[in-house]
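No hydrogens, no waters, no symmetry mates; every other heavy atom, side chains included, goes into these values. Chain naming here is simple, since letters A, B, ... match the order of the sequence lines and numbering starts at 1 in each.
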Amino acid sequence: AGRVAWIRSTRSGGPSQSTSENSCGGRGARGGGARGKHPPHLKGREIGLWYAKWGGIKRSEAERKSVRTYVTSYFDGDDPPEGPQKMGKVAEMEPDKKQKQEQEEEKEVKMKAKVEPRERDLEYLFQDLVRKPALDVELKSDFQAKAENPKYLEMLKFRETLPSYGMREVNLVQASRVVVISGETGCGKTTQVTQFILDDYIQRGAGSLCRVVCTQPRRISAISVAERVAAERAESVGEGRSCGYQIRLQSRLPRKQGSVLYCTTGIILQWLRSDPCLSSISHLVLDEVHERSLQSDVLLAVVRDLLHSREDLKVVLMSATLNAEKFSKYFDNCPMIHIPGYTYPVEEYLLEDVVEMLRFRPQHQDRRPRFPRSFLQNQWTRPEKEAQEAEYRQSWPCFARSLRDRFSDDTIEALERLDEDDKINLDLIVALIRHIVMNEDDGAILVFLPGWDNISGLNDLLMHAPDPVHPNTITVDDVVYVIDGGKIKETHFDTQNNISTMAAEWVSLANAKQRKGRAGRVSPGKCYHLYNGLRASLLDNYQLPEIQRTPLEELCLQIKILKLGPIASFLRKTLDPPSEKAIELAITHLKDLNALDRSEELTPLGFHLARLPVEPHIGKMILFGALLACLDPVLTIAASLSFKDPFCIPLGKEKLADHRRKILSKNSKSDHLTIVNAFWGWEDAKRRGYKCEREFCWDNFLSANTLQMLHNMKGQFAEHLWAAGFVRSKDLKDSSANINSENEKLLKAVIVAGLYPKVAKIRPSLHKKRPMPVKVYTKADGKVCIHPKSVNAEETQFHYTWLIYHLKMRTSSIFLYDCTEVSPFSLLFFGGDISIQKDQEQETIAVDEWIVFQSPARIAHLVKNLKRELDVLLEEKIRQPRPVDWDDRGSSDCAVISAIIDLITTTQVLFIPPNLQLCDLFLQKI
DNA sequence: AATAGAAAC
């Protein structure tokens, strides 16, 4: 033994990886241009509808109109299928206004109707699984030919050793509409079940009737499983083959009939928008349902309803063994198949065993006076956890007594001491690693720790340890020893205080089992759990499902656009529904955002927000970026907020990385603009060649992979905006969409437009001589902290007293993870409702009665009027998406928007009373 | 003065 590595614990227990192979064009397989082919921006059902109209199928005028209306619900206008409407046509379209209005009304009706009869008539267009006898024959003979293929046979020899292989005869999948297959990692169910289904059809000469889609929770697994399956079939992945994959922005699609597609769960949820019956799928296999991801829980609920209308659809749920029954019950006690897993035996040890074996005696970590445990504990402990802790403390004396006949008194005392401290004892882990290195056989050691601070701490300890044990890279197959720290970081959503939280919690039994399994992949192994027997007996079987731990805004919009019925009644149908309070909070929030109206229907804004693959706030920012012609940088910010920022902070280089970020911020006092600067820098470096790119990333602690992913996501957003009619070109660099892209103040205003009301107030430090960090407050939480990773964390000088942020989370305190300093004007024009007050000789203007500025009433009224005009204009733009015509300075849109942009851009301070110049500016612009 | 993980036609 001599190698050790740790990984941040995750629900799935695996080290995180991300791929972002170049996928410019992701869906590029569909080249446009060829005459008679659908335009490339159409997707799913829209393609079918396009062919229905343009592909020569004859239909009556009335039907044609209805089809068109459906399409126009997103692709507004009567333009030729080559692209979105051209601006030059606007004038000619004027007389059509009345017709447009009718279409609007018809759309309303359609959005409310659950199943539109005419839509059902069109269903056959998507019923792609029409039997093709020639294909059946071809597939069958191909399959028979494989029996001679040495590569295939060699693979088959391996496949036959998998536990799953034994179940290929059990054709319950065909006999029952829903089946739960349970089995542990390594039994091969993910790769084999899909193939058994497909090969069964092929052998029966019905290959063309089979299209298996298998969902995966992670992008990485969708790709690697697809590649594995293709290899087992002695094929390559993709085009025209029997196996392929699709993930966001990247796909290698197999032939449509007689094939297996591996995709991420989100892809299927997107498919449902254009094809609510999944009519082209014969078999839907949902893998890893036991992980209880938000998306898989939602898809389960959708599929359960779908089974009423799709009598021919077969559904397979694949789960770990522990809770397979729960899924069977959810699907009307459907049959279950269990596949025994084969792994090498792993010996398990609990904390008492480890302490006794090492004769470990904890040192007091420091000389701090010891506070009672209850005081040290997180002050926001949830009630369930509180009850569990009470039970633990109550049972401890009895448990300690039971240890006496097997363990020494010193060990029991050590256990009590370890218990006083809520933290993971790193000295114990070092001692255990040393023990394994000295006394056990060779093999890699994998340590599960809940967070960065433990990892960094253990790294330091090991680097300075006298024995030659240093962290190293290991592979899955190297692992023989697993040290399970027993904790896992979990986010929750605290509905009481309306805030997301993250804290280290005890693992679940499922987590512990998964971690243990890592030790027995290639040989017998050992697993050391760093919690005692009493704790082990109190662990939950599973973590709470994600749907109960997360804010629900985005999901609510999805439910609306998928027309799954009233939000609350749909959510109540899920396997473990979220609390009524959480649902209510999300709906209220969406109403405040003007995404839902009073009867919980999508507003025009809500409709566009639901179509964009981002959270509603970020979606709003994207729309404003398009309308205010600063598209490119705003898309960078949006992509980064909805994925992750591109910065890396390597162990031990935190200070340097902070410093480089600060330089990239160019004194903008904005994390968001820092990302924009980094992205532009990267694009520039990339243009100068691969070496420059690498150097730029290295120097600035940037991840090229993440940047590439952000780039691809930006392209996807731009495509959406173009398809919806908000911009003229698909190209996000198009000059008409970027007139204001260099305008820092306007960019900040657009960030406000998107993220409002996530606002914090800065209270400048009063020490004029010695600059002190500022104090920051929010309306709902009182004092909060700027996260140390933010470029504003140590900032002492601000121009304004307001910050806008996106992510706020309660960990050790409440942190704003990202923020941008913003001006009063941006809050006035892009924030909430304005009110004007006059009390005690003081005239003020306030946004949502919290953000208050002093202002002469005359100016306040001007601001309020201008804001009202802006709101009307923006609403109109969103209801009928059209790019702003920046060339026509006389048009009313241009005048109002230009006035506001001028104000935001040119005015340093709002109130220099009495500011005649400012008034003139208003009057002139209005 | 601190950084669980995953995901979108």
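- Of the candidate nucleotides B:dA8, B:dA1, B:dT3, B:dA8 has the atom nearest to the side chain of A:I267.
- The interatomic distance linking A:M502 (CE) with B:dT3 (C1') rounds to 7 Å, in whole Å.
- In this structure, A:M713 atom CE and B:dA8 atom P are separated by 9 Å, rounded to whole Å.
- You'll find that the side chain of A:K789 is closest to B:dT3, out of B:dA7, B:dC9, B:dT3.
- Counted by atom type alone, A:T501 and A:D494 present zero donor-acceptor pairs between their side chains at under 3.5 Å.
- Each of B:dT3, B:dC9, B:dA1 was ranked by its minimum atom distance to the side chain of A:K655; first place goes to B:dA1.
- One finds no side-chain N or O of A:S251 lying less than 4.0 angstrom from the OP1 or OP2 phosphate oxygen of B:dC9.
- Looking at A:Q295, its side chain has no donor and acceptor atom pair within 3.5 Å of the base of B:dA6.
- Between the C1' atom of B:dA2 and the CD atom of A:E794 lies a distance of 12 Å, rounded to the nearest Å.
- In this structure, the CZ atom of A:R248 is 11 Å from the C1' atom of B:dC9, given to the nearest Å.
- Between the CD atom of A:Q558 and the C1' atom of B:dA8 there is a distance of 8 Å, rounded to whole Å.
- Residue A:E554 places a side-chain atom within donor-acceptor reach of the base of B:dA8, judged by atom type and a 3.5 Å distance cut-off alone.
- Contacts of A:F493 classified as ring pair (Phe, Tyr, Trp, His ring centres under 6.0 Å), with partners at least two apart in sequence or in another chain: none.
- Here the C1' atom of nucleotide B:dG5 and the CZ atom of A:F643 are 12 Å apart, to the nearest Å.
- In the interface, the side chain of A:T491 is paired with the base of B:dA4 through a donor and an acceptor atom under 3.5 Å apart.
- Looking only at atom types and distance, the side chain of A:Q708 has a donor-acceptor partner in the side chain of A:N712 under 3.5 Å away.
- Side-chain proximity of A:R273 to the nucleotides B:dC9, B:dT3, B:dA8 is greatest for B:dC9.
- Taking atom CD on A:Q270 and atom C1' on B:dA8, their separation rounds to 4 Å, with Å as the unit.
- Remark: A:E490 engages A:H492, A:Q543 in a side chain to side chain donor-acceptor pair (under 3.5 Å) (not counting sequence neighbours).
- Checked against B:dA7, B:dT3, B:dA2, the side chain of A:D658 finds its nearest nucleotide in B:dA2.
- Distance from the side chain of A:P788 is smallest to B:dA2 among B:dA6, B:dA2, B:dA4.
- Applying the 4.0 Å criterion to OP1 and OP2 of B:dA8, one finds that A:R611 has every side-chain N and O outside that range.
- Heavy atoms of A:S642 sit under 4.0 angstrom from at least one base atom.
- Regarding A:M809, its CE atom lies at a distance of 9 Å from the C1' atom of B:dT3, rounded to whole Å.
- Residue whose closest nucleotide on DNA chain B sits further toward the 5' end, between A:E615 and A:E490: A:E490.
- By the neighbour-count criterion of 12 heavy atoms within 6.0 Å, atom NZ of A:K783 is densely surrounded, having more than that number from other residues, nucleotides or ligands.
- In the set B:dA2, B:dA4, B:dC9, the nucleotide with an atom closest to the side chain of A:Q246 is B:dC9.
- For A:S293 and B:dA6, the shortest distance from a side-chain N or O to OP1 or OP2 is not below 4.0 Å.
- At a cut-off of 3.5 Å, with distance as the only test, a side-chain donor of A:R211 or A:S280 sits close to an acceptor on the other residue.
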